Amino acid sequence: MRFDYRIVFIITALLFTLSASLTLINYVESMDSTRKQLKNSSLPLTLDNIYTQIQKQIIEPNLIASVMSNDTFMKDWLSHEEDEVEKITQYLETITNKYNMFTAFLVSEKSQNYYTTDGFLEKISIKNPNNAWYFNFKNKPEKSEINIDYNEFMGNSLIMFINHKIYDDQSTMVGATGVGLKTSYINEMLKYFRIRYNFKVFFINDAGEILIAEQGIDKLEQLSNHPELKALIPDIINTETQLFEYTEEGESYLLTKKYVEELDLYLVVEAKVDNFTQSVKEAFYFNIVVSLLVTILVSIVVILYVRKIHTKLNELASNDTLTGLPNRRTFQGQLEHFMSLKARHQQALSLVFFDVDDFKRINDEQGHDVGDEVLVNIAKTLKSTIRHTDYVARWGGEEFIILLIDSQLEDATLIAEQLRKNIENNTQIFEHVKRKVTVSVGVTQVKENDDADSLFKRVDTALFQAKRVGKNSVTTVE
Ligand SMILES: Nc1nc2c(ncn2[C@@H]2O[C@H](COP(=O)(O)OP(=O)(O)OP(=O)(O)O)[C@@H](O)[C@H]2O)c(=O)[nH]1
C-alpha cells in the first residue's frame, strides 16, 4: 500500500488558503483603519495644531502693532515733529529690540515717507509695486491686516508684516505702522511636520497661489508640474469641504484645509497615503511568509506522522500480530511473485507446511496464554532455522508455511526435518508447556505447471499424511 501524498497536498493547500485569507482580511482591515485614522484623526489634529501655533505666533506682534498705532507719541510725532527723524528711528529701534521683531516701520500719510529702524527708507509711490500694499491697505475698511511678502530691502526673505492704521482725533488716517517678522519659524514648523509626521503643509491665497511652503520642497514650488493638485485648489478655496483626495502617478494623497482669518490664507495639510500604510504592507508580507513557513512546517509534521501511521497500518495489514510473521494474505502475494520469477529464472522452489500437534490440548490444559507463547517460540525457531532469503508466514491458527527459495525437494525435506527437531527439542517451549511440543510437516516442490491452488493442495496432502502416520514427522509429496 503506497502512501498517498495527495491528502497532504490538500491539507497544505487548505491550511495555506486559510491562513492567507485571514492575513488578507487582516490586511484589508488594517489598511482601511489606517486610512480612516489618517482622515479622521491625524490630518485634522495636525491641522489644528499648526493653526494654533500660528495664531500663538501672531498674537504678540499684532498686539504690539496695535499699541504702536494708538501711541500718543506716534500721533504727536506725525502731526508736529516729522522733521525729527531721529526720534522715530529710536522709537522703532526700541520696539524691534524689546520685542525681538525683525523690523518695525511707520508710513506717514502726510509726507508719504517710509521709516524703519534705519531711519527714512524711501518715499512711497503708487507707481512702485513694492508700495502697493500701503495704498491697498489704505482703501480697505479694516483697521489692520497681515501681509506675507518678500521684501527686497530685507534680504529678499519672506516677511510677515502686521499693519495697523493710525488715526488722529478726527478719525482721519494719518499713517500706518506695525512690525515685520521673519517667517523662518513657520518654515521650521513645516519642516518639523514633514520629517516627524510625514505631512506636507502649505498655505494658499485666494488667487490659488502657494504663498508659504517649506523652502526647497520641489512639489510645492512647482505647482504647475502637479496638475492633479492644482485642479483641486479652486475646490479648496471655494468649497466647504474639509477633506480632499487625489492620485498622482499611482500614489494616493489626502488633503485637509482650514481658513486662517488673520492671514487670509488657507492652511493645507497633505499626506501621502502610502507613507502611512507602508508598515501595514510590510506586516502583510511578513505574515504571508510566516503563514507559508508555518504551513510547510505543519505539512512536514503531518507527512511524518501520517507516514508513521501508514507504515504501522501496513505492518498490521500484512503481518500477524502475535508472532510478527507475515500473514497468509502477504504470503500468497509473495508466492505468486516467486512462482512467476521461477518461470523466468528456472529456479527450484519448495513449500513446507506444518501444524503443531495436539495444540488444542495445550490450550485446553494450560490456557491460551501458554498456547500463544508456544506459537511465538515456534516462530522464533522457524526464523532461526531457515535462510534469510526464504519466505515464512503464519498460515493461520497453529499452521505455518515456508517457501524455500532455490531448494530442491531433497534439500527442503532436510530443512523440514531440521525444523521438526529444533521445535521438539526447544527448551523454552518445554519450560512453558512442561513437555515436548511437536509438529507435523508436509513438503513439496513447485512443479512446472503448478498454480497456487494445486501447490497448496499437494502440500496440504503431505501434511495430512504426516498427521496420519502418527504426527511429529515429515512427509513429502512429489
Ligand atoms: N493459543 C492460541 N490458540 C490458537 C490460536 N489460533 C488457533 N488456536 C487454537 O488452536 C487449536 C487447533 O486445534 P485443532 O485444529 O483441533 O488441531 P490440534 O489440536 O493441533 O490437533 P492436530 O492438528 O490434529 O494435531 C484450536 O483450539 C484453536 O482455537 C492462537 O493464536 N493462539
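Values in this document were obtained by computation on a predicted structure and should not be read as measured data. Both counts, for ligands and for their atoms, begin at 1 and track the order of listing.
A donor and an acceptor atom, one from each side chain of Thr381 and Asn426, are located under 3.5 Å apart.
Looking only at protein heavy atoms, the nearest one to atom 2 (C) of ligand 1 is Asp372 OD1, 3.3 Å. The protein atom (non-hydrogen) at minimum distance from atom 14 (P) of ligand 1 is Glu398 OE2, 3.9 Å. Counting protein heavy atoms only, atom 11 (C) of ligand 1 is closest to Phe359 CD2, 3.8 Å. In terms of protein heavy atoms, atom 22 (P) of ligand 1 is closest to Lys467 NZ, 3.5 Å. Of the protein's non-hydrogen atoms, the one nearest atom 24 (O) of ligand 1 is Lys471 NZ, 3.5 Å. Summary of contacts: the protein heavy atom closest to atom 6 (N) of ligand 1 is Gly397 CA, 3.2 Å. In terms of protein heavy-atom proximity, atom 25 (O) of ligand 1 is closest to Asp358 N, 2.7 Å.
Every atom of ligand 1 is numbered from 1 in the order shown, and the set under 4.0 Å from a heavy atom of Asn363 is 1 (N), 2 (C), 3 (N), 4 (C), 8 (N), 9 (C), 10 (O), 27 (O). In the vicinity of Arg394, heavy-atom distances shorter than 4.0 Å reach the ligand 1 atoms 5 (C), 6 (N), 30 (C), 31 (O). The distance from ligand 1 to the heavy atoms of Lys360 drops below 4.0 Å at these ligand atoms: 13 (O), 16 (O), 18 (P), 19 (O), 20 (O), 27 (O). Less than 4.0 angstrom separates some heavy atom of Asp355 from each of these atoms of ligand 1: 23 (O). Interface of Leu375 with ligand 1, defined as ligand atoms under 4.0 Å from a residue heavy atom, comprises 30 (C), 31 (O), 32 (N). Within ligand 1, the atoms closer than 4.0 Å to a non-hydrogen atom of Gly371 are 1 (N), numbered from 1 in the order shown.
Classification of Glu245 and Arg35 as a salt-bridged pair holds, one side-chain N sitting under 4.0 Å from a carboxylate O. Using a 4.0 Å cut-off between charged side-chain N and carboxylate O, Glu145 and Lys140 make a salt bridge. A salt bridge does not link Lys200 to Glu214: none of the charged nitrogens lies less than 4.0 Å from a carboxylate oxygen. Using a 4.0 Å cut-off between charged side-chain N and carboxylate O, Lys457 and Asp453 make no salt bridge.
Counting heavy-atom neighbours within 6.0 Å of Arg435 CZ, excluding the residue itself, gives a total above 12.
Using a 30° and 60° split on the angle between ring planes, Phe338 and Tyr391 fall in the tilted class, from 30° to 60°. Using cut-offs of 30° and 60° for the angle between ring planes, the Phe400 and Phe354 rings count as parallel.
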From CA spacing to verdict: ring-ring contact (aromatic ring centres under 6.0 Å, His included), Phe199, Phe276: CA-CA 10 Å; Phe199 288 124; Phe276 296 83; 5.3 Å; yes

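Some N or O of Val356 is nearer than 3.5 Å to an N or O of ligand 1, by distance alone.
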